[in-house]
Amino acid sequence: VVRQRIGSNPVEANGPVHQLSAPPATSGRRRLRWARARAVFAVITLEVLIVWSYEGFISPLYAYSGFRYRPAGLAHLAVSILICALPALWLPTRPRTPAHVLLWIMQIFIMCSSGALNPVVPYRGVWETVGWSCWMVACMAVVSLCLVLRPLKAPPIGLYERRVRRLFFGGVLATLLLFVARFGLPSPDFSLSTVGDRRLAFRETIAGASRPMGYLLGWTQSALAPIAIMSAISRRRPWGAVLGASLFLWLYLMNGTRTSLVAVPFAVALWWAMKRRVSGAGYAGGAAALLLGSVVVFQITNQAIAIGSIAKRLFAVPGVLGMFYFDYFSDHPPGLYRDGIFGAVTSSPYSTDLPRVIGEIYLSDASSNANVNFFADSYAQLWVAGLLVAFAMAIVLWLLDSVTADLDLPAVMGSLALLSLAIVNTGALVWMTTNGMTLALVIYWFAGPALFPPVSRPRSSWRRNATMRRSAWPTRAVP
């Protein structure tokens, strides 16, 4: 009789079984070091390309609107680039959750832009620009605290999934009908040359609307419509995708935001990257290829929109506006959110909200709304205490990973496309309220398993496909 004791090595009649040994720990550490090195190299390469595109293409085209260039010393530029590349040393080498991807988006579009453009934007001296780069790294380190927090197990909502789906898509349909009844049907104008006119006309239209209606418009475009589209695609429900796309198209034809056009390929890219588990170096390399592609298209077509919508809007604006905010609020009192939620408690020292103040002074346009990333906005509102805002953002990212831990993450990441772009150009409070990140968190928690297929099979499916075994123990040899 061949017996097998629990905890002993497996034994066969002809001798011991040779088990496969685990790979040595040194090889795993070596692969991790190479992954880190590739990520840092990709980030530094992207920063160099941003400087090159700003000097050669962006500044000559848009210097009249504030995007001016000054030559910087090589040592000054190298120090700023290396400082803002430091977060690549601790960010996940292979993002696996939405928070990981959002951290890499901040690194690519905020940190790389700041490290590359702080020295060449004609404001402040060498040490002050280096200090501003260190401030950005400190904010990034605080936000990265979400990486060390264990996901919170949110209690499920005791409702049937079919009922939740009907409730959600019924709300999407009701929102579309409400917008059509309130603002009418838009004209089928897809021309990019009329985007600005449509946006200004729509702003005048909603000026007389109530504040809840304005919030609903922002929430629908950034959260509600993308979630509906990606949920229907992941669950293969064409009617849901058509409904969500109709709502999204109505919003684009009415307000004409170019971000809506960029969000479509960006959502596909995020879905594909999460599906393929692209590395952090892959994200940075893809951003570098996107920047180079916009420059090449501009060189071929001589159309400024190729530079304006990609190289300028995505890669130059976060760094340039961040330097504007640092330059202005280093000599002026902080906002303390008195242009927003605390306006009823105490009056603001500024006649209008902060983005319009910066737009009027630095962009020579009183009507310009110079929204900036939440790192620079937190400094403008609270000075050094703005690190508390970065800590609050870490909690938000931690909650996002907690409520989406068991969902189809590629589809979830695709539904976060517009919110991912908004985090690059808006403050934390605006991102949570006006852009609708709070609403997205509620939807993922309340209706997530009903909208996005869970990672593991549902219990009912497991029971239906299960087969019973006669014995839970292996059959022993009979002599």
Side-chain angles (χ1 to χ4, degrees), residues 92 94-105 146 150-169 171-172 222-245 247-248 263-280 282-283 286 396-421 423 436-465:
R94 195 168 295 276
R96 299 188 305 272
T97 68
H100 294 177
V101 178
L102 289 178
L103 286 174
W104 269 105
I105 288 175
C146 66
R150 297 185 62 182
L152 178 68
K153 191 64 177 178
I157 301 297
L159 294 177
Y160 292 107
E161 292 186 359
R162 182 175 299 179
R163 184 178 302 172
V164 172
R165 280 195 296 270
R166 289 176 178 175
L167 180 64
F168 175 79
F169 283 101
V172 173
S222 299
L224 193 61
I227 289 176
I229 295 172
M230 294 307 302
S231 171
I233 292 176
S234 63
R235 287 194 170 272
R236 299 178 182 178
R237 298 293 188 269
W239 60 269
V242 171
L243 178 60
L247 183 57
F248 194 80
V264 176
F266 193 60
V268 175
L270 290 178
W271 176 87
W272 181 85
M274 182 63 77
K275 191 79 172 177
R276 296 289 183 175
R277 298 191 64 182
V278 174
S279 64
Y283 280 91
V396 172
L397 296 185
W398 170 60
L399 291 175
L400 176 63
D401 276 357
S402 299
V403 298
T404 60
D406 297 328
L407 305 182
D408 182 12
L409 293 183
V412 169
M413 203 62 240
S415 67
L416 287 170
L418 271 171
L419 288 170
S420 301
L421 291 174
I423 201 175
M437 187 60 203
T438 302
L439 176 65
L441 288 176
V442 172
I443 292 176
Y444 292 139
W445 169 57
F446 183 80
L451 298 178
F452 299 98
V455 176
S456 58
R457 280 190 297 177
R459 187 172 180 85
S460 58
S461 175
W462 176 81
R463 286 183 178 275
R464 184 168 56 251
N465 298 328

J.: Are side-chain heavy atoms of Trp271 and Met230 found at a separation under 4.5 Å?
T.: yes
J.: Which pair of non-hydrogen atoms, one from Cys146 and one from Ala99, has the smallest distance, and what is that distance?
T.: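 It is SG-CB, 4.4 Å.
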J.: Looking at Ser234 and Pro453, what are the two nearest heavy atoms and their distance?
T.: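 Scanning both residues completely, I find the closest heavy atoms to be OG-CD, 3.5 Å.
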J.: Are Leu418 and Phe266 packed together at the side-chain level, in the sense that at least one heavy-atom pair is separated by less than 4.5 angstrom?
T.: no
J.: With a 4.5 Å limit on heavy-atom distance, are the side chains of Arg235 and Arg165 in contact?
T.: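 In short, these two side chains touch, coming nearer than 4.5 Å.
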J.: With a 4.5 Å limit on heavy-atom distance, are the side chains of Ser279 and Tyr283 in contact?
T.: no
J.: Let me confirm one number: the NE2-CD1 distance from His100 to Ile105, rounded to the nearest 0.5 Å.
T.: 13.0 Å
J.: Given Ser415, which of Ile227, Leu224, Leu270 fulfils the side-chain contact (heavy atoms from CB on, under 4.5 Å) condition?
T.: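 One option only clears the test, and that one is Ile227.
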J.: For residues Leu243 and Leu247, determine if any side-chain heavy atom of one lies less than 4.5 Å from a side-chain heavy atom of the other.
T.: no
J.: Ignoring hydrogens and geometry beyond distance, is a side-chain donor-acceptor pair present between Asp401 and Thr97 at under 3.5 Å?
T.: yes
J.: Locate the shortest heavy-atom distance separating Ala263 from Ala417; write the atom from each residue and the value.
T.: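 Heavy atoms only, the tightest pair is O-CB, 3.9 Å.
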J.: CG of Leu397 to CG of Leu441: how many Å apart, nearest 0.5 Å?
T.: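 Going from the CG atom of Leu397 to the CG atom of Leu441 covers 9.5 Å.
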J.: Which heavy atom in Gly414 sits nearest to a heavy atom in Ala267, and how many Å separate them?
T.: O-CB, 3.5 Å
J.: Any non-hydrogen side-chain atom of Arg96 less than 4.5 Å from a side-chain atom of Val101?
T.: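 No; the side chains remain at least 4.5 Å from each other.
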J.: Would you call Pro98 and Leu416 a side-chain contact if the rule is heavy atoms closer than 4.5 Å?
T.: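 Pro98 reaches Leu416 side chain to side chain.
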J.: Between Ala225 and Gly244, which heavy-atom pair has the shortest distance, and what is it?
T.: CB-O, 4.0 Å
J.: Donor-acceptor pair, distance only, cut-off 3.5 Å: does the side chain of Thr404 make one with the backbone of Leu407?
T.: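 Between the backbone of Leu407 and the side chain of Thr404 there is no qualifying donor-acceptor contact (under 3.5 Å).
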J.: Do Phe446 and Leu451 come close enough that some side-chain heavy atom pair is under 4.5 Å?
T.: no
J.: Distance-only, no hydrogens or angles: does the Trp104 side chain make a donor-acceptor pair with backbone N or O of Pro92 under 3.5 Å?
T.: yes
J.: Report the residues that fulfil side-chain contact (heavy atoms from CB on, under 4.5 Å) with Ala269, sequence neighbours left out, ordered by chain and then residue number.
T.: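 Once residues adjacent in sequence are excluded, Ala269 has no partner under the side-chain contact (heavy atoms from CB on, under 4.5 Å) criterion.
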J.: In Å and rounded to the nearest 0.5 Å, what is the CE to CG distance from Met413 to Leu419?
T.: 9.0 Å
J.: Is it the case that the side chain of Ser231 and the backbone of Ala228 share a donor-acceptor pair, with hydrogens and angles ignored and the cut-off at 3.5 Å?
T.: no
J.: Between Leu439 and Ser222, does a side chain to side chain contact (heavy atoms under 4.5 Å, CB included) hold up when you go through it step by step?
T.: CA-CA 10 Å; Leu439 176 65; Ser222 299; over 6 Å; no
